[in-house]
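Numbering of ligands and ligand atoms starts at 1, following listing order. In this chain, residues are counted from 1 in sequence order. Every value quoted in this text rests on a predicted model; they were computed, and no experiment measured them. Basis for what follows: all heavy atoms, side chains included, without hydrogens, waters or symmetry-related copies.
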Amino acid sequence: MKLLKDRILNDGKSLAGGILKVDNFINHQMDPVLMKSIAVEFVRRFADLPINKIITIEASGIAPAIMLGYLLELPVVFVKKAQPKTMGDMYVSQVHSFTKNRTYDICVSKEFLFPEDKVLFVDDFLANGNAAFGILELIQQSGASLLGMGFIIEKSFQEGGKRLRELSGIRIESLARIKFLEVDTVGFEED
Ligand code: 5GP
(Lines give C-alpha, C1' and ligand atoms only; values in the text may rest on other atoms or scores of the structure.)
Protein backbone atom coordinates (compact mmCIF):
# COMPACT_ATOMS: atom_id res chain seq x y z
CA MET A 1 0.00 0.00 0.00
CA LYS A 2 1.92 3.00 -1.35
CA LEU A 3 0.33 5.65 0.87
CA LEU A 4 1.31 3.71 3.98
CA LYS A 5 4.85 2.95 2.80
CA ASP A 6 5.41 6.63 1.95
CA ARG A 7 4.19 7.60 5.40
CA ILE A 8 6.52 5.09 7.05
CA LEU A 9 9.44 6.51 5.03
CA ASN A 10 8.50 10.10 5.90
CA ASP A 11 7.40 9.79 9.52
CA GLY A 12 8.56 6.40 10.85
CA LYS A 13 11.76 6.07 12.85
CA SER A 14 13.82 2.90 12.82
CA LEU A 15 15.46 2.19 16.13
CA ALA A 16 18.21 -0.20 17.13
CA GLY A 17 17.08 -3.82 17.58
CA GLY A 18 14.81 -3.90 14.51
CA ILE A 19 12.07 -1.75 16.03
CA LEU A 20 10.07 0.68 13.91
CA LYS A 21 8.58 3.63 15.76
CA VAL A 22 5.34 4.93 14.22
CA ASP A 23 4.19 6.92 17.24
CA ASN A 24 3.14 9.97 15.27
CA PHE A 25 0.52 8.26 13.07
CA ILE A 26 -0.38 4.78 14.50
CA ASN A 27 0.86 4.00 17.99
CA HIS A 28 0.36 7.21 19.99
CA GLN A 29 -0.89 10.11 17.87
CA MET A 30 -3.19 8.59 15.25
CA ASP A 31 -4.03 9.78 11.75
CA PRO A 32 -7.71 8.95 11.17
CA VAL A 33 -7.51 9.74 7.44
CA LEU A 34 -4.66 7.27 6.95
CA MET A 35 -6.49 4.82 9.23
CA LYS A 36 -9.55 5.07 6.99
CA SER A 37 -7.40 4.33 3.92
CA ILE A 38 -5.92 1.34 5.78
CA ALA A 39 -9.42 0.05 6.55
CA VAL A 40 -10.50 0.53 2.91
CA GLU A 41 -7.50 -1.55 1.83
CA PHE A 42 -8.43 -4.27 4.35
CA VAL A 43 -11.96 -4.26 2.88
CA ARG A 44 -10.47 -4.75 -0.60
CA ARG A 45 -8.40 -7.71 0.63
CA PHE A 46 -10.95 -9.46 2.86
CA ALA A 47 -14.49 -8.46 1.85
CA ASP A 48 -15.02 -11.65 -0.19
CA LEU A 49 -14.68 -13.79 2.95
CA PRO A 50 -17.89 -14.62 4.91
CA ILE A 51 -16.72 -12.79 8.06
CA ASN A 52 -19.25 -11.87 10.75
CA LYS A 53 -16.91 -10.45 13.42
CA ILE A 54 -13.62 -8.56 13.68
CA ILE A 55 -11.26 -9.27 16.52
CA THR A 56 -8.22 -7.27 17.61
CA ILE A 57 -6.02 -6.78 20.66
CA GLU A 58 -5.65 -3.66 22.76
CA ALA A 59 -4.43 -1.05 22.32
CA SER A 60 -3.09 -0.28 18.85
CA GLY A 61 -5.26 -2.75 16.94
CA ILE A 62 -8.45 -1.03 18.04
CA ALA A 63 -8.25 1.95 15.66
CA PRO A 64 -7.92 -0.02 12.40
CA ALA A 65 -10.39 -2.64 13.65
CA ILE A 66 -13.12 -0.13 14.48
CA MET A 67 -12.68 1.63 11.11
CA LEU A 68 -12.95 -1.71 9.35
CA GLY A 69 -15.93 -2.73 11.45
CA TYR A 70 -17.61 0.55 10.55
CA LEU A 71 -17.05 -0.01 6.81
CA LEU A 72 -18.17 -3.66 6.88
CA GLU A 73 -20.90 -3.00 9.50
CA LEU A 74 -19.58 -5.81 11.68
CA PRO A 75 -19.03 -5.99 15.45
CA VAL A 76 -15.49 -5.51 16.75
CA VAL A 77 -14.17 -7.35 19.82
CA PHE A 78 -10.87 -6.36 21.36
CA VAL A 79 -8.95 -8.92 23.36
CA LYS A 80 -7.68 -7.61 26.69
CA LYS A 81 -4.14 -7.80 28.00
CA ALA A 82 -5.23 -7.80 31.65
CA GLN A 83 -8.09 -9.76 33.20
CA PRO A 84 -10.77 -7.33 34.41
CA LYS A 85 -12.16 -8.19 37.86
CA THR A 86 -15.67 -7.84 36.48
CA MET A 87 -15.21 -10.35 33.67
CA GLY A 88 -16.99 -13.65 34.22
CA ASP A 89 -16.26 -16.68 32.10
CA MET A 90 -13.47 -16.09 29.61
CA TYR A 91 -11.01 -17.70 27.26
CA VAL A 92 -7.37 -17.12 28.23
CA SER A 93 -4.06 -17.71 26.48
CA GLN A 94 -0.47 -16.50 26.81
CA VAL A 95 1.63 -14.25 24.62
CA HIS A 96 5.37 -13.67 24.84
CA SER A 97 6.44 -10.15 23.90
CA PHE A 98 10.01 -9.80 22.66
CA THR A 99 9.77 -6.01 22.62
CA LYS A 100 8.80 -6.00 26.31
CA ASN A 101 10.59 -9.26 27.17
CA ARG A 102 7.73 -10.71 29.21
CA THR A 103 4.90 -13.20 28.92
CA TYR A 104 1.38 -12.05 29.68
CA ASP A 105 -2.16 -13.45 29.67
CA ILE A 106 -4.67 -12.27 27.08
CA CYS A 107 -8.38 -12.86 27.52
CA VAL A 108 -11.77 -12.45 25.93
CA SER A 109 -15.18 -12.94 27.51
CA LYS A 110 -17.15 -16.03 26.47
CA GLU A 111 -20.05 -13.61 25.88
CA PHE A 112 -18.42 -12.31 22.67
CA LEU A 113 -17.02 -15.33 20.82
CA PHE A 114 -19.12 -18.30 19.71
CA PRO A 115 -18.56 -21.52 17.74
CA GLU A 116 -20.55 -20.17 14.77
CA ASP A 117 -18.39 -17.01 14.47
CA LYS A 118 -16.22 -16.48 11.38
CA VAL A 119 -13.55 -14.09 12.48
CA LEU A 120 -11.03 -11.68 10.94
CA PHE A 121 -8.14 -10.62 13.20
CA VAL A 122 -6.58 -7.17 12.67
CA ASP A 123 -3.48 -5.73 14.36
CA ASP A 124 -0.87 -3.01 13.90
CA PHE A 125 2.33 -5.08 13.68
CA LEU A 126 3.34 -8.63 12.80
CA ALA A 127 6.81 -9.45 14.09
CA ASN A 128 7.38 -12.94 15.51
CA GLY A 129 3.70 -13.78 15.40
CA ASN A 130 3.30 -14.46 19.11
CA ALA A 131 0.32 -12.14 19.57
CA ALA A 132 -1.32 -13.66 16.47
CA PHE A 133 -0.81 -17.22 17.74
CA GLY A 134 -2.21 -16.22 21.14
CA ILE A 135 -5.32 -14.89 19.39
CA LEU A 136 -5.59 -18.07 17.29
CA GLU A 137 -5.49 -20.10 20.52
CA LEU A 138 -8.37 -18.03 22.03
CA ILE A 139 -10.43 -18.44 18.86
CA GLN A 140 -9.80 -22.18 18.83
CA GLN A 141 -10.87 -22.44 22.49
CA SER A 142 -14.19 -20.82 21.56
CA GLY A 143 -14.76 -23.12 18.60
CA ALA A 144 -15.02 -20.12 16.23
CA SER A 145 -13.23 -20.09 12.84
CA LEU A 146 -10.40 -17.72 12.00
CA LEU A 147 -10.66 -16.86 8.29
CA GLY A 148 -8.10 -14.10 7.97
CA MET A 149 -5.43 -11.99 9.66
CA GLY A 150 -4.63 -8.45 8.51
CA PHE A 151 -1.65 -6.42 9.70
CA ILE A 152 -0.82 -2.81 8.98
CA ILE A 153 2.94 -3.46 9.09
CA GLU A 154 4.77 -6.78 8.84
CA LYS A 155 8.46 -7.05 9.62
CA SER A 156 9.20 -9.86 7.19
CA PHE A 157 12.75 -10.28 8.50
CA GLN A 158 11.15 -11.80 11.61
CA GLU A 159 9.48 -15.20 11.70
CA GLY A 160 5.79 -14.36 12.22
CA GLY A 161 4.76 -14.09 8.56
CA LYS A 162 6.37 -17.42 7.69
CA ARG A 163 4.82 -19.17 10.71
CA LEU A 164 1.34 -17.81 9.99
CA ARG A 165 1.46 -18.57 6.24
CA GLU A 166 2.16 -22.23 7.07
CA LEU A 167 -1.33 -22.43 8.62
CA SER A 168 -3.90 -23.61 6.11
CA GLY A 169 -7.26 -21.95 5.53
CA ILE A 170 -6.30 -18.55 7.00
CA ARG A 171 -5.67 -15.63 4.63
CA ILE A 172 -2.74 -13.49 5.81
CA GLU A 173 -2.39 -9.93 4.48
CA SER A 174 0.03 -7.15 5.44
CA LEU A 175 -0.24 -3.66 3.97
CA ALA A 176 3.46 -2.82 4.24
CA ARG A 177 6.08 -5.57 4.43
CA ILE A 178 9.43 -4.43 5.76
CA LYS A 179 12.39 -6.47 4.51
CA PHE A 180 15.08 -4.70 6.48
CA LEU A 181 15.26 -2.10 9.17
CA GLU A 182 18.48 -0.40 10.07
CA VAL A 183 18.94 2.79 12.02
CA ASP A 184 17.50 5.49 9.71
CA THR A 185 16.89 3.01 6.83
CA VAL A 186 13.70 1.12 5.95
CA GLY A 187 13.50 -1.32 3.03
CA PHE A 188 10.23 -2.83 1.77
CA GLU A 189 9.45 -6.16 0.09
CA GLU A 190 8.32 -5.91 -3.53
CA ASP A 191 4.51 -6.28 -3.72
P1 5GP B 1 4.67 -10.33 17.61
O2 5GP B 1 3.76 -10.91 18.64
O3 5GP B 1 4.24 -10.57 16.20
O4 5GP B 1 6.13 -10.71 17.85
O5 5GP B 1 4.65 -8.76 17.84
C6 5GP B 1 3.49 -8.06 17.62
C7 5GP B 1 3.29 -6.95 18.63
O8 5GP B 1 4.53 -6.41 19.11
C9 5GP B 1 2.56 -5.81 17.94
O10 5GP B 1 1.20 -5.82 18.29
C11 5GP B 1 3.26 -4.57 18.46
O12 5GP B 1 2.54 -4.08 19.58
C13 5GP B 1 4.60 -5.01 18.93
N14 5GP B 1 5.70 -4.77 17.97
C15 5GP B 1 6.51 -5.69 17.40
N16 5GP B 1 7.45 -5.11 16.64
C17 5GP B 1 7.21 -3.78 16.70
C18 5GP B 1 7.86 -2.64 16.11
O19 5GP B 1 8.86 -2.71 15.37
N20 5GP B 1 7.32 -1.43 16.39
C21 5GP B 1 6.23 -1.28 17.20
N22 5GP B 1 5.78 -0.04 17.39
N23 5GP B 1 5.61 -2.33 17.79
C24 5GP B 1 6.09 -3.57 17.54
Side-chain angles (χ1 to χ4, degrees), residues 1 4-31 34-35 38-39 41-42 54-69 76-82 91-108 119-141 146 148-167 170-189:
M1 184 183 167
L4 173 63
K5 289 182 190 171
D6 288 346
R7 190 63 179 271
I8 292 168
L9 291 175
N10 288 331
D11 289 345
K13 289 191 182 62
S14 47
L15 308 181
I19 299 289
L20 179 69
K21 203 169 172 211
V22 286
D23 274 21
N24 53 356
F25 58 104
I26 294 177
N27 285 144
H28 197 355
Q29 174 170 266
M30 290 184 281
D31 178 345
L34 177 71
M35 212 50 95
I38 285 169
E41 183 61 22
F42 279 138
I54 295 162
I55 194 162
T56 188
I57 181 161
E58 64 180 353
S60 296
I62 295 176
I66 197 81
M67 286 273 184
L68 183 58
V76 176
V77 176
F78 71 89
V79 167
K80 301 202 175 209
K81 288 182 175 165
Y91 302 110
V92 181
S93 69
Q94 276 82 40
V95 170
H96 182 74
S97 164
F98 281 102
T99 44
K100 296 193 176 117
N101 194 24
R102 68 184 181 96
T103 299
Y104 56 93
D105 283 350
I106 59 171
C107 62
V108 63
V119 178
L120 171 63
F121 170 64
V122 168
D123 202 5
D124 59 342
F125 271 88
L126 171 60
N128 290 296
N130 295 320
F133 274 94
I135 295 289
L136 175 62
E137 160 78 28
L138 288 183
I139 292 172
Q140 285 172 337
Q141 285 177 31
L146 181 61
M149 294 187 145
F151 302 92
I152 300 177
I153 300 170
E154 173 180 343
K155 297 192 294 182
S156 60
F157 57 89
Q158 292 183 263
E159 288 300 296
K162 187 170 167 290
R163 291 172 68 204
L164 291 180
R165 290 183 180 92
E166 283 166 0
L167 301 168
I170 304 175
R171 186 182 300 169
I172 312 294
E173 297 278 353
S174 306
L175 306 189
R177 300 182 72 217
I178 295 179
K179 189 153 68 172
F180 61 86
L181 203 55
E182 282 147 29
V183 177
D184 293 332
T185 318
V186 180
F188 294 101
E189 301 276 2

Atoms in ligand 1 flagged as close to Ala131, the criterion being non-hydrogen separation under 4.0 Å: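 Selected atoms, number and element: 2 (O).
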Of the listed options Ile57, Leu20, Asp124, closest to atom 10 (O) of ligand 1 (non-hydrogen atoms):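 The option holding the nearest heavy atom is Asp124.
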Pick from Leu15, Asp23, Ile178, Asn27: the one approaching atom 22 (N) of ligand 1 most closely through a non-hydrogen atom: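 That would be Asn27.
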Any heavy atom of [X] sitting closer than 4.0 Å to ligand 1?
X: Lys155; value: yes
X: Ile19; value: yes
X: Gly129; value: yes

Under the side-chain contact (heavy atoms from CB on, under 4.5 Å) test, residues paired with Ile62 that sit two or more places apart: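 Scan of Ile62 (side-chain contact (heavy atoms from CB on, under 4.5 Å), adjacent residues dropped) gives Thr56, Glu58, Phe78.
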Reported CG-to-CZ distance for the pair Leu164 and Phe151, which is rounded to 0.5 angstrom: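 Output value for this atom pair is 5.5 Å.
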Please list, one pair per line, the donor and acceptor atoms closer than 3.5 Å that link side chains of residues 127-135 to other protein atoms, with sequence neighbours excluded.
{"from": "Asn130", "atom 1": "OD1", "to": "Arg163", "atom 2": "NH1", "distance (Å)": "3.3"}
{"from": "Asn130", "atom 1": "ND2", "to": "His96", "atom 2": "O", "distance (Å)": "3.2"}

His96, any N or O under 3.5 Å of ligand 1 N or O: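 In fact, backbone or side chain, His96 has no N or O that close.
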Student check: side-chain heavy atoms of Phe125 and Ile26 closer than 4.5 Å: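 When only atoms from C-beta onward are counted, Ile26 and Phe125 do not touch, as no gap falls below 4.5 Å.
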Glu154 vs Ser174, side-chain hydrogen bond (donor to acceptor under 3.5 Å, both in side chains): CA-CA, chis, key distance, verdict: CA-CA 6 Å; Glu154 173 180 343; Ser174 306; 2.6 Å; yes
Expected output: side-chain Asn10 to main-chain Asp6 donor-acceptor under 3.5 Å: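 Pair found, side chain donor or acceptor close to backbone of Asp6.
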